[in-house]
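By convention in this document, chain letters (A, B, ...) are assigned in the order of the sequence lines, proteins followed by strands, and residues within each chain are numbered from 1.
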There are 2 protein chains.
Amino acid sequence: MKNTVRPPLGGFSTAFLLAQVGAHAAARFAERLEAVGLTPPHAGVLRVVNTSEGMSQQALGEILRVLPSRLVVLIDELERRGFIERRDHPTDRRSYALYLTPAGREVLQRVGRAAREHEDALCAALTTTERAQLGGLLRRIADEQGLARGVHPGFSRMRASK
Amino acid sequence: MKNTVRPPLGGFSTAFLLAQVGAHAAARFAERLEAVGLTPPHAGVLRVVNTSEGMSQQALGEILRVLPSRLVVLIDELERRGFIERRDHPTDRRSYALYLTPAGREVLQRVGRAAREHEDALCAALTTTERAQLGGLLRRIADEQGLARGVHPGFSRMRASK
DNA sequence: TATTGTTATACTCTATAACTATA
DNA sequence: TATAGTTATAGAGTATAACAATA
């Protein structure tokens with residue numbers, strides 16, 4: 001009767017669950033990306049460059065909230081692997097214009113497939129309507145909290161593929 | 001008409017939202033802990049030791065999935081600040097028995113208050129019933145994915161208070 | 001011989017500052 | 001003078017290995 005296990009502070013709170021499940025989701029997705037040979041930051045760069053090609057590294061860094069010095073190495077790696085191209089900027093010779101290569105577009109499609117499989121595996125416990133319901137609730141929280149769409153704060157540390 | 005912004009891969013998926021909102025929740029909570037003078041790992045240690053006092057560092061590390069070498073410094077810090085005590089283990093002289101001090105219990109209550117305020121702020125966009133609904137859906141995902149209750153994977157890197 | 005806690009060390013990731021070339 | 005990209009360096013966080021005391 002004594003020594004009953006009391007709910008560990010926050011152990012059942014929605015906020016804690018959110019952080020816990022969110023970290024799990026990010027980790028599982030990073031694993032799938034690893035199979036494609038990418039890290040989450042790499043995928044983020046490809047994803048954003050794809051949405052508006054020709055952007056500068058500066059602009060990219062502001063969208064992704066990644067430091068310029070870090071972007072250099074990320075883009076170096078993606079360029080070396082033939083996924084992205086640094087072309088001369090038409091008017092400003094200080095900056096580059098970033099473009100995806102055909103191989104880059106290809107790998108981005110593989111990322112898309114991985115994302116769909118990930119989504120399916122992650123929400124296996126829920127019905128289709130429940131998934132939509134969950135998505136709606138999360139969307140409203142994200143908007144109210146002022147989170148930018150499609151920007152993941154804290155890309156962070158998952159093992160690179162070399 | 002051309003150049004329409006296509007949904008950035010995964011930008012609207014539930015899994016991405018989950019990771020995004022989850023990271024946001026963790027970051028905001030870490031900020032509140034900072035005001036109490038703790039980091040998330042510190043709070044995790046206090047929380048678990050509180051649920052079953054007298055446990056060894058080994059046992060604690062297994063529950064929190066924290067390496068023994070890291071636990072040493074975490075507990076050192078908590079002990080130095082008078083929140084936790086290393087007593088002699090009654091039967092095994094190799095290990096310690098961990099206990100909260102009165103000050104430790106006090107600070108844990110402040111953590112609890114911070115958690116409740118955090119929850120409120122985070123879910124401000126939702127009604128009470130919607131919060132419960134969200135909690136239920138997350139709970140089912142967490143259980144199906146095999147996540148241990150009350151264990152946050154990836155405590156990780158938030159600024160320490162000194 | 002195995003285990004608990006500890007220390008020392010290496011490795012990764014992220015952040016800061018200094019440098020160049022252009023504007 | 002300010003900005004884009006780069007390089008070099010330092011810092012924090014995490015993991016690995018070796019060690020002393022005890023089982």
Side-chain angles (χ1 to χ4, degrees), chain A residues 23 26-27 30 33-34 38-45 48-49 54-80 84-99 151-162, chain B residues 23 26-27 30 33-34 38-45 49 54-80 84-99 152-162:
Chain A
L33 282 181
E34 203 173 352
L38 296 175
T39 64
H42 288 136
V45 169
V48 172
V49 170
M55 75 192 321
S56 69
Q57 296 184 191
Q58 195 77 12
L60 179 60
E62 270 175 35
I63 292 177
L64 289 175
R65 313 275 165 79
V66 170
L67 293 170
S69 57
R70 195 175 175 219
L71 260 189
V72 171
V73 289
L74 284 175
I75 296 176
D76 278 352
E77 289 161 354
L78 290 170
E79 195 174 37
R80 179 172 48 76
I84 211 167
E85 247 182 329
R86 280 190 250 235
R87 300 189 196 159
D88 291 341
H89 188 97
T91 63
D92 189 337
R93 299 206 323 181
R94 290 174 302 180
S95 61
Y96 292 117
L98 301 173
Y99 287 88
V151 177
H152 190 166
F155 272 126
S156 68
R157 76 260 46 116
M158 316 273 36
R159 201 153 308 291
S161 72
K162 209 289 212 64
Chain B
L33 281 181
E34 203 171 351
L38 296 175
T39 64
H42 287 137
V45 169
V49 170
M55 74 191 323
S56 69
Q57 296 185 191
Q58 195 77 12
L60 179 60
E62 271 174 33
I63 292 178
L64 289 175
R65 312 277 165 78
V66 170
L67 293 170
S69 57
R70 196 176 174 219
L71 261 189
V72 171
V73 288
L74 284 174
I75 296 177
D76 278 352
E77 289 161 355
L78 290 170
E79 194 175 36
R80 179 173 46 78
I84 211 168
E85 247 183 330
R86 282 191 250 235
R87 301 189 196 160
D88 290 342
H89 189 98
T91 64
D92 188 337
R93 300 206 323 184
R94 291 175 303 182
S95 61
Y96 292 116
L98 301 173
Y99 286 88
H152 189 167
F155 273 127
S156 69
R157 75 256 52 111
M158 316 272 39
R159 199 153 312 290
S161 73
K162 207 280 210 74

When every non-hydrogen atom of B:Arg70 is compared with those of B:Pro41, the smallest separation belongs to NH2-CG, 3.5 Å
B:Met55 atom CE is separated from C:dG5 atom P, nearest whole Å, by 10 Å
In whole angstroms, the gap separating P of D:dG5 from CG of A:Leu67 amounts to 14 Å
Residues at least two apart in sequence or cross-chain that pass side-chain contact (heavy atoms from CB on, under 4.5 Å) with B:Arg86, listed by chain then number, are B:Gln57, B:Ile75, B:Asp76, B:Glu79, B:Tyr96, B:Leu98
Review point. Going by heavy atoms in the side chains, are B:Leu74 and B:His42 under 4.5 Å from each other?
Key: yes
**Asked** Side-chain contact, heavy-atom cut-off 4.5 Å: A:Leu38 with A:Leu78?
**Response** yes
Nearest heavy-atom approach of A:Ala43 to A:Leu33 is CB-CD1, 3.9 Å
Rounded to whole Å, CG of A:Leu64 lies from P of C:dA15 at a distance of 14 Å
Of A:Ala59 and B:Arg65, the one whose closest nucleotide on DNA chain D sits nearer the 5' end is A:Ala59
The contact string for nucleotides 17-23 of chain D, one letter per nucleotide 5' to 3', using protein heavy atoms under 4.0 Å with B, S and - for base, sugar-phosphate only and none, comes out as ----BBS
Here the distance between atom P of D:dT6 and atom CD of A:Glu77, to the nearest Å, is 13 Å
By side-chain contact (heavy atoms from CB on, under 4.5 Å), A:Gln58 pairs with (sequence neighbours left out) A:Ser56, A:Glu62
note: B:Leu71, atom CG; C:dT4, atom P; distance rounded to Å ~ 13 Å
Separation of C:dT7 atom P from B:Leu74 atom CG, nearest Å, is 14 Å
_Is there a side-chain contact between B:Glu77 and B:Thr39 in this structure, where contact means two heavy atoms from C-beta onward sitting under 4.5 Å apart?_
no
Between CD of B:Glu62 and P of C:dT3 the distance, given in whole Å, is 11 Å
In whole angstroms, the gap separating P of C:dT14 from CZ of A:Arg70 amounts to 4 Å
- prompt: Hey, is the side chain of A:Gln58 poking within less than 4.0 Å of OP1 or OP2 on D:dG5, counting only N and O atoms?
  reply: yes
- prompt: So, is A:Arg86 close to the D:dT6 phosphate, meaning a side-chain N or O under 4.0 Å from OP1 or OP2?
  reply: yes
